Amino acid sequence: MSDSVLVDVEDRIAVITVNDPDRRNAVTFEMSAALREAVTAAETDPEVHAVIVTGAGKAFCAGADLSALGSATADGLRKIYDGFLAVADCTLPTIAAVNGAAVGAGLNLALAADVRIAGPAALFDPRFQKLGIHPGGGATWMLQRLVGPQAARAALLFGMRFDAEAAVRHGLALEIADDPVAAAKALAAGPAGAPRDVVLATKASMRATANPGVVDSDQHRLAVDIEIGPQAASIESPEFQQRLAAARKK
């Protein structure tokens with residue numbers, strides 16, 4: 001396992017920590033692949049009944065690393081997505097313990113979990129439009145599903161951000177906790193103490209009954225496919241490349 005992602009398993013709960021605090025846990029190709037590996041390992045471990053994802057240091061995840069994002073084609077974007085899509089596709093119950101800022105792709109990582117618990121300093125910030133790029137990774141679908149069309153459009157079209165209180169008010173987070181990882185572990189004690197096959201079957205049923213006839217992971221994959229063309233085009237645009245060059249000089 002890469003040092004960019006840490007895993008601790010205790011009491012049938014896997015805590016997965018994205019671990020690059022000096023860069024606010026920005027997603028690189030390496031981190032995304034390591035996150036996929038960590039989630040897969042948890043799913044295949046019969047002693048793990050639930051997964052918690054959090055960030056090292058003060059940030060949850062500051063989004064995609066600009067060096068990786070700036071040169072990303074559609075295939076590269078899918079590599080960046082791969083880690084949080086592993087969380088979205090995880091067959092085990094998942095909780096995002098959002099200890100700080102969750103920005104762009106970091107917001108997607110938080111949205112990919114079944115439940116979000118916000119720390120006092122949590123900030124849910126799409127920031128795609130401010131960067132001059134189209135949302136990706138299924139963000140448009142995930143955010144509308146969680147907070148409804150109006151709040152999702154306020155966020156993605158008008159730049160609205162959600163602090164911890166706003167996140168709870170709009171249904172983006174379940175609760176605010178001074179120690180979101182501890183609160184997530186307390187919540188995860190439920191599936192940890194239940195038969196694993198029942199936990200897996202319950203999550204599978206909830207996915208299938210959210211929109212009968214369609215599994216939500218299928219909807220997410222369709223959203224990713226819809227978004228990836230315009231997102232790749234926005235990254236290739238001269239305007240974004242100029243912003244990227246300016247950001248690299250800072």
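Please read these numbers as outputs of a predicted model, since none were measured by experiment.
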Could you check whether any side-chain N or O of Ser32 sits under 3.5 Å from a backbone N or O of Phe29, counting only pairs where one atom can act as donor and the other as acceptor? no
Please tell me if the side chains of Val115 and Leu187 come closer than 4.5 Å, counting only heavy atoms from C-beta onward. yes
Within one Ile-Leu-Val-Met-Phe-Trp-Tyr cluster: Ile16 and Phe84, side-chain cutoff 4.5 Å: yes
Given the rule that I, L, V, M, F, W and Y join up when any side-chain heavy atoms are under 4.5 Å apart, are Leu156 and Val147 in one cluster? yes
How many angstroms lie between atom CD of Gln129 and atom OG of Ser234, to the nearest 0.5 angstrom? 11.0 Å
Compare all side-chain heavy atoms of Cys90 with those of Glu43 and state whether any distance is below 4.5 angstrom. yes
Please round to the nearest 0.5 Å and tell me the distance separating atom CG of Asp125 and atom CZ of Phe60. 14.0 Å
ILVMFWY network linking Val103 to Leu107, side-chain heavy atoms under 4.5 angstrom: no
Below 4.0 angstrom, N of the basic side chain to O of the carboxylate: do Arg221 and Asp218 qualify? yes
Spacing of Leu111 atom CG and Met142 atom CE [to the nearest 0.5 Å]: 5.0 Å
Residues 183-205 vs salt bridge (charged side-chain N to carboxylate O under 4.0 Å, His left out), sequence neighbours excluded, gives Asp114-Lys203
Run the ring-centre check on His134 versus Phe128 and record whether the distance is less than 6.0 Å. no
Leu35 pairs by side-chain contact (heavy atoms from CB on, under 4.5 Å) with which of Val7, Thr40, Leu109, Asp82? Leu109
What's the spacing between Ile80 CD1 and Leu85 CG if we round to 0.5 Å? 11.5 Å
Distance from Glu165 atom CD to His170 atom NE2, nearest 0.5 Å? 11.5 Å
